[in-house]
Amino acid sequence: EVLGGNVTAPFDTSTGVATFTDLSLNEAKTGYVLSFATDSGLQVIGGTFDVTVGARAKLAVTTNAAGAKGGTAFTTQPVVTLQDAGGNTVSDATGVTVTAAVNKGTLGGQLTATGTSNAMGVATFSNLKINEADTGYILMFTSAGVTAVNGTAFEVTVGSGAKLAVSRQAAGATGGVAFTTQPQVTLQDAGGNTVTSSSDVTVTVAANKGTLGGTRTATVTSSTGIATFDGLKINEAATGYILMF
(Lines give C-alpha, C1' and ligand atoms only; values in the text may rest on other atoms or scores of the structure.)
Protein backbone atom coordinates (compact mmCIF):
# COMPACT_ATOMS: atom_id res chain seq x y z
CA GLU A 1 0.00 0.00 0.00
CA VAL A 2 1.31 3.43 -0.99
CA LEU A 3 0.97 6.27 1.46
CA GLY A 4 -0.61 9.28 -0.21
CA GLY A 5 -0.31 12.96 0.51
CA ASN A 6 2.74 15.00 1.48
CA VAL A 7 5.01 12.45 3.17
CA THR A 8 7.50 15.06 4.42
CA ALA A 9 7.02 17.69 7.10
CA PRO A 10 9.48 20.20 8.58
CA PHE A 11 10.14 20.58 12.30
CA ASP A 12 8.73 23.70 13.90
CA THR A 13 11.82 25.33 15.39
CA SER A 14 9.88 26.74 18.32
CA THR A 15 8.21 23.46 19.35
CA GLY A 16 10.39 20.78 17.80
CA VAL A 17 7.28 19.17 16.32
CA ALA A 18 6.72 18.05 12.71
CA THR A 19 3.03 17.95 11.78
CA PHE A 20 1.71 16.06 8.74
CA THR A 21 -1.48 17.36 7.14
CA ASP A 22 -2.88 15.27 4.26
CA LEU A 23 -1.64 11.69 4.59
CA SER A 24 -4.02 9.07 3.23
CA LEU A 25 -4.34 5.35 2.55
CA ASN A 26 -6.76 3.89 0.02
CA GLU A 27 -7.26 0.29 1.03
CA ALA A 28 -9.52 -0.40 4.00
CA LYS A 29 -7.77 -2.92 6.26
CA THR A 30 -6.41 -3.36 9.77
CA GLY A 31 -2.91 -3.24 11.21
CA TYR A 32 -1.41 -0.23 9.48
CA VAL A 33 1.75 1.20 11.08
CA LEU A 34 3.43 4.46 10.11
CA SER A 35 7.19 4.78 10.43
CA PHE A 36 9.00 8.14 10.51
CA ALA A 37 12.63 8.94 9.75
CA THR A 38 14.77 12.07 9.60
CA ASP A 39 17.56 12.88 7.18
CA SER A 40 20.03 12.30 10.00
CA GLY A 41 18.85 8.72 10.50
CA LEU A 42 16.58 9.10 13.54
CA GLN A 43 13.59 6.75 13.36
CA VAL A 44 10.37 6.08 15.24
CA ILE A 45 7.39 3.80 14.62
CA GLY A 46 3.80 4.78 15.43
CA GLY A 47 1.07 2.60 16.82
CA THR A 48 -1.18 0.36 14.73
CA PHE A 49 -4.43 1.70 13.30
CA ASP A 50 -7.18 0.69 10.90
CA VAL A 51 -8.56 2.24 7.72
CA THR A 52 -12.31 1.74 7.43
CA VAL A 53 -14.57 2.03 4.40
CA GLY A 54 -15.60 5.64 3.82
CA ALA A 55 -18.74 7.29 2.52
CA ARG A 56 -20.14 6.77 -0.97
CA ALA A 57 -17.96 8.69 -3.41
CA LYS A 58 -17.78 7.13 -6.87
CA LEU A 59 -18.85 4.40 -9.24
CA ALA A 60 -16.59 1.74 -10.74
CA VAL A 61 -17.34 -0.66 -13.58
CA THR A 62 -16.49 -4.12 -12.29
CA THR A 63 -17.92 -6.02 -15.27
CA ASN A 64 -17.94 -4.46 -18.73
CA ALA A 65 -20.59 -5.20 -21.34
CA ALA A 66 -19.65 -7.89 -23.85
CA GLY A 67 -21.21 -10.16 -26.45
CA ALA A 68 -23.14 -7.37 -28.17
CA LYS A 69 -25.08 -8.26 -31.33
CA GLY A 70 -27.59 -6.01 -33.05
CA GLY A 71 -30.96 -5.91 -31.30
CA THR A 72 -30.28 -8.64 -28.75
CA ALA A 73 -29.34 -8.36 -25.09
CA PHE A 74 -25.59 -8.35 -24.38
CA THR A 75 -24.50 -11.82 -23.33
CA THR A 76 -22.48 -10.18 -20.53
CA GLN A 77 -24.45 -7.41 -18.82
CA PRO A 78 -22.50 -4.64 -17.05
CA VAL A 79 -22.04 -4.53 -13.28
CA VAL A 80 -21.27 -1.29 -11.43
CA THR A 81 -19.91 -1.08 -7.88
CA LEU A 82 -20.36 1.76 -5.40
CA GLN A 83 -17.03 2.79 -3.85
CA ASP A 84 -15.55 5.21 -1.35
CA ALA A 85 -12.83 7.69 -2.35
CA GLY A 86 -10.16 5.01 -1.91
CA GLY A 87 -11.83 2.45 -4.18
CA ASN A 88 -13.25 0.26 -1.42
CA THR A 89 -16.68 -1.22 -2.02
CA VAL A 90 -19.40 0.47 0.01
CA SER A 91 -21.38 -2.59 1.00
CA ASP A 92 -24.66 -0.83 1.79
CA ALA A 93 -25.88 0.47 -1.55
CA THR A 94 -29.54 0.21 -0.62
CA GLY A 95 -31.64 2.69 -2.54
CA VAL A 96 -28.78 3.85 -4.76
CA THR A 97 -29.96 3.94 -8.37
CA VAL A 98 -27.45 3.79 -11.20
CA THR A 99 -28.48 4.89 -14.70
CA ALA A 100 -26.85 3.68 -17.91
CA ALA A 101 -26.54 5.64 -21.15
CA VAL A 102 -24.54 5.23 -24.34
CA ASN A 103 -22.29 7.69 -26.16
CA LYS A 104 -24.11 7.23 -29.49
CA GLY A 105 -27.11 5.45 -30.90
CA THR A 106 -29.92 4.24 -28.65
CA LEU A 107 -29.52 1.99 -25.63
CA GLY A 108 -32.43 -0.35 -24.99
CA GLY A 109 -33.35 -2.60 -22.09
CA GLN A 110 -33.50 -1.84 -18.37
CA LEU A 111 -31.55 1.43 -18.19
CA THR A 112 -31.55 1.70 -14.38
CA ALA A 113 -30.30 -0.69 -11.74
CA THR A 114 -30.62 -0.40 -7.97
CA GLY A 115 -27.75 -1.24 -5.65
CA THR A 116 -28.05 -4.00 -3.09
CA SER A 117 -27.30 -4.22 0.62
CA ASN A 118 -25.88 -7.72 0.48
CA ALA A 119 -22.33 -6.70 1.37
CA MET A 120 -21.51 -6.46 -2.32
CA GLY A 121 -22.54 -2.88 -3.08
CA VAL A 122 -23.24 -3.68 -6.72
CA ALA A 123 -25.84 -2.67 -9.29
CA THR A 124 -26.41 -5.25 -12.03
CA PHE A 125 -28.12 -4.33 -15.28
CA SER A 126 -30.33 -6.59 -17.37
CA ASN A 127 -31.38 -6.86 -21.00
CA LEU A 128 -29.28 -3.90 -22.22
CA LYS A 129 -28.97 -3.91 -26.00
CA ILE A 130 -28.15 -1.71 -28.99
CA ASN A 131 -29.68 -2.11 -32.44
CA GLU A 132 -27.11 -0.63 -34.81
CA ALA A 133 -23.96 -2.64 -35.54
CA ASP A 134 -20.96 -0.33 -35.11
CA THR A 135 -17.69 0.14 -33.23
CA GLY A 136 -16.74 2.56 -30.46
CA TYR A 137 -19.74 2.23 -28.19
CA ILE A 138 -19.15 3.33 -24.59
CA LEU A 139 -21.60 2.87 -21.73
CA MET A 140 -21.76 5.72 -19.23
CA PHE A 141 -23.03 5.24 -15.67
CA THR A 142 -24.29 7.93 -13.30
CA SER A 143 -25.80 8.10 -9.83
CA ALA A 144 -26.80 11.08 -7.72
CA GLY A 145 -24.13 12.41 -5.36
CA VAL A 146 -21.22 10.28 -6.59
CA THR A 147 -18.65 10.50 -9.39
CA ALA A 148 -19.79 8.93 -12.67
CA VAL A 149 -17.82 6.32 -14.61
CA ASN A 150 -17.52 5.09 -18.21
CA GLY A 151 -17.06 1.52 -19.34
CA THR A 152 -14.54 0.38 -21.92
CA ALA A 153 -15.29 0.78 -25.63
CA PHE A 154 -16.95 -2.19 -27.34
CA GLU A 155 -18.37 -3.25 -30.68
CA VAL A 156 -21.87 -4.32 -31.67
CA THR A 157 -21.70 -6.93 -34.42
CA VAL A 158 -24.39 -8.14 -36.79
CA GLY A 159 -26.45 -10.95 -35.28
CA SER A 160 -28.13 -13.91 -36.92
CA GLY A 161 -31.08 -13.58 -39.28
CA ALA A 162 -34.20 -12.69 -37.31
CA LYS A 163 -36.60 -10.85 -39.61
CA LEU A 164 -37.34 -9.72 -43.16
CA ALA A 165 -37.65 -6.15 -44.45
CA VAL A 166 -38.98 -5.07 -47.84
CA SER A 167 -36.15 -3.05 -49.34
CA ARG A 168 -37.84 -2.53 -52.71
CA GLN A 169 -41.59 -2.52 -53.24
CA ALA A 170 -43.30 -4.02 -56.27
CA ALA A 171 -44.43 -1.44 -58.82
CA GLY A 172 -45.61 -1.16 -62.42
CA ALA A 173 -48.27 -3.88 -62.12
CA THR A 174 -50.40 -4.50 -65.22
CA GLY A 175 -52.84 -7.39 -65.50
CA GLY A 176 -51.10 -10.61 -66.48
CA VAL A 177 -47.71 -8.92 -67.06
CA ALA A 178 -44.65 -9.17 -64.82
CA PHE A 179 -44.29 -6.15 -62.56
CA THR A 180 -41.85 -3.69 -64.09
CA THR A 181 -40.28 -3.33 -60.64
CA GLN A 182 -39.85 -6.66 -58.90
CA PRO A 183 -39.71 -6.66 -55.07
CA GLN A 184 -36.58 -7.16 -53.02
CA VAL A 185 -36.47 -8.42 -49.46
CA THR A 186 -33.54 -8.01 -47.05
CA LEU A 187 -32.63 -10.46 -44.29
CA GLN A 188 -31.98 -8.59 -41.03
CA ASP A 189 -30.93 -9.33 -37.48
CA ALA A 190 -33.06 -8.30 -34.51
CA GLY A 191 -31.62 -4.78 -34.66
CA GLY A 192 -32.38 -4.18 -38.33
CA ASN A 193 -28.83 -4.75 -39.63
CA THR A 194 -28.46 -6.56 -42.95
CA VAL A 195 -27.25 -10.13 -42.46
CA THR A 196 -24.71 -11.05 -45.13
CA SER A 197 -23.37 -14.23 -43.59
CA SER A 198 -26.39 -16.51 -44.03
CA SER A 199 -26.65 -19.07 -46.80
CA ASP A 200 -29.53 -21.10 -48.26
CA VAL A 201 -32.21 -18.79 -46.88
CA THR A 202 -35.27 -18.98 -49.10
CA VAL A 203 -38.02 -16.34 -49.01
CA THR A 204 -41.55 -17.14 -50.18
CA VAL A 205 -44.06 -14.52 -51.33
CA ALA A 206 -47.86 -14.57 -51.42
CA ALA A 207 -50.58 -12.05 -52.17
CA ASN A 208 -53.45 -11.09 -49.89
CA LYS A 209 -55.97 -11.83 -52.64
CA GLY A 210 -56.16 -13.13 -56.18
CA THR A 211 -53.52 -15.38 -57.68
CA LEU A 212 -49.86 -14.42 -57.69
CA GLY A 213 -47.95 -15.74 -60.67
CA GLY A 214 -44.26 -15.96 -61.44
CA THR A 215 -41.43 -17.35 -59.34
CA ARG A 216 -42.75 -17.12 -55.79
CA THR A 217 -39.50 -18.04 -54.05
CA ALA A 218 -36.15 -16.26 -54.00
CA THR A 219 -32.87 -17.09 -52.30
CA VAL A 220 -31.05 -14.56 -50.14
CA THR A 221 -27.68 -13.71 -51.68
CA SER A 222 -25.10 -14.17 -48.93
CA SER A 223 -22.92 -11.28 -50.10
CA THR A 224 -25.75 -8.73 -50.00
CA GLY A 225 -28.37 -10.24 -47.69
CA ILE A 226 -31.01 -9.51 -50.35
CA ALA A 227 -33.50 -11.79 -52.09
CA THR A 228 -34.76 -10.49 -55.47
CA PHE A 229 -37.93 -11.90 -56.99
CA ASP A 230 -38.45 -12.45 -60.70
CA GLY A 231 -41.47 -12.56 -62.97
CA LEU A 232 -44.11 -11.89 -60.33
CA LYS A 233 -47.50 -10.87 -61.79
CA ILE A 234 -51.21 -10.77 -61.04
CA ASN A 235 -53.91 -11.26 -63.65
CA GLU A 236 -56.92 -9.47 -62.17
CA ALA A 237 -56.91 -5.67 -62.22
CA ALA A 238 -57.95 -4.45 -58.75
CA THR A 239 -56.84 -2.23 -55.92
CA GLY A 240 -55.46 -3.08 -52.50
CA TYR A 241 -53.04 -5.85 -53.38
CA ILE A 242 -50.44 -6.57 -50.66
CA LEU A 243 -47.47 -8.89 -51.05
CA MET A 244 -46.56 -10.93 -47.96
CA PHE A 245 -43.07 -12.40 -47.47
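Since the model is a prediction, treat every value here as computed from it, not as a measurement.
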According to a hydrophobic-cluster definition based on side-chain heavy atoms being under 4.5 Å apart (Ile, Leu, Val, Met, Phe, Trp, Tyr only), do [X] and [Y] belong together?
X	Y	value
Met140	Tyr137	no
Leu111	Leu82	yes
Val185	Leu187	yes
Val177	Ile234	no

Compare all side-chain heavy atoms of [X] with those of [Y] and state whether any distance is below 4.5 angstrom.
X	Y	result
Asn235	Thr211	no
Thr224	Thr196	no
Phe141	Val61	yes
Val195	Ser197	yes
Thr135	Glu155	yes
Leu128	Leu107	yes
Leu59	Thr147	no

Between [X] (side chain) and [Y] (backbone), is there a donor-acceptor pair under 3.5 Å?
X	Y	result
Asn88	Val51	no
Thr221	Ser223	no
Glu132	Gly70	no
Asn103	Ile138	yes
Asn193	Val158	no
Ser143	Thr97	yes
Arg216	Val205	yes

Output every pair passing ring-ring contact (aromatic ring centres under 6.0 Å, His included) with a member in [range], not counting sequence neighbours, ordered by first then second residue.
range	result
residues 63-102	Phe74-Phe154
residues 192-241	Phe229-Phe245
residues 24-44	Phe20-Phe36, Tyr32-Phe49

Measuring from [X]:[atom1] to [Y]:[atom2], what's the distance to the nearest 0.5 Å?
X	Y	atom1	atom2	value
Thr75	Lys129	OG1	NZ	14.5 Å
Leu232	Gln182	CG	CD	4.5 Å
Gln169	Thr181	CD	OG1	10.5 Å
Asp12	Thr19	CG	OG1	7.5 Å
Asn64	Gln77	CG	CD	12.0 Å

Looking at every non-hydrogen atom in both residues, tell me the closest pair between [X] and [Y] and how far apart they are.
X	Y	answer
Ser35	Ile45	CB-CG1, 4.1 Å
Lys209	Ala238	NZ-CB, 4.4 Å
Ala190	Ala162	N-CB, 3.6 Å
Asn6	Leu23	O-CD2, 3.3 Å
Pro183	Leu243	CG-CD1, 4.1 Å
Leu25	Val2	CD2-O, 3.9 Å

*Start with the C-alpha distance between Val17 and Phe11, add both sets of side-chain angles, then the distance that settles side-chain contact (heavy atoms from CB on, under 4.5 Å), and finish with yes or no.*
CA-CA 5 Å; Val17 175; Phe11 282 108; 5.7 Å; no
_Test side-chain contact (heavy atoms from CB on, under 4.5 Å) applied to Val79 and Phe125, step by step_ = CA-CA 6 Å; Val79 178; Phe125 289 82; over 6 Å; no
_Take a 6.0 Å sphere around NZ of Lys163 and say whether it holds more than 12 heavy atoms from other residues, nucleotides or ligands._
yes
*asked:* Other residues, nucleotides and ligands only: do more than 12 of their heavy atoms fall within 6.0 Å of CG on Asp200?
replied: no
*So which pairs with a foot in residues 63-78 pass salt bridge (charged side-chain N to carboxylate O under 4.0 Å, His left out), sequence neighbours left out?*
none
*Got a sec, which pairs hit salt bridge (charged side-chain N to carboxylate O under 4.0 Å, His left out) with one end in residues 134-151, sequence neighbours left out?*
Lys104-Asp134
*Any chance you could lay out the side-chain hydrogen bond (donor to acceptor under 3.5 Å, both in side chains) test for Thr228 and Gln184, step after step, and finish with the verdict?*
CA-CA 5 Å; Thr228 302; Gln184 288 184 334; 3.0 Å; yes
*Mind checking side chain to side chain donor-acceptor pair (under 3.5 Å) for Thr186 and listing every partner two or more places apart, or none if nothing turns up?*
Ser167
*Start with the C-alpha distance between Val98 and Thr142, add both sets of side-chain angles, then the distance that settles side-chain contact (heavy atoms from CB on, under 4.5 Å), and finish with yes or no.*
CA-CA 6 Å; Val98 181; Thr142 58; over 6 Å; no
*Between Thr81 and Thr62, does a side-chain hydrogen bond (donor to acceptor under 3.5 Å, both in side chains) hold up when you go through it step by step?*
CA-CA 6 Å; Thr81 301; Thr62 44; 3.0 Å; yes
*Checking side-chain contact (heavy atoms from CB on, under 4.5 Å) for the pair Gln110/Thr112: CA distance, chi angles, key distance, verdict?*
CA-CA 6 Å; Gln110 185 64 42; Thr112 60; 3.3 Å; yes
*Residue from Thr89, Asn26, Thr52, Val90 passing side chain to side chain contact (heavy atoms under 4.5 Å, CB included) with Asp84*: Val90
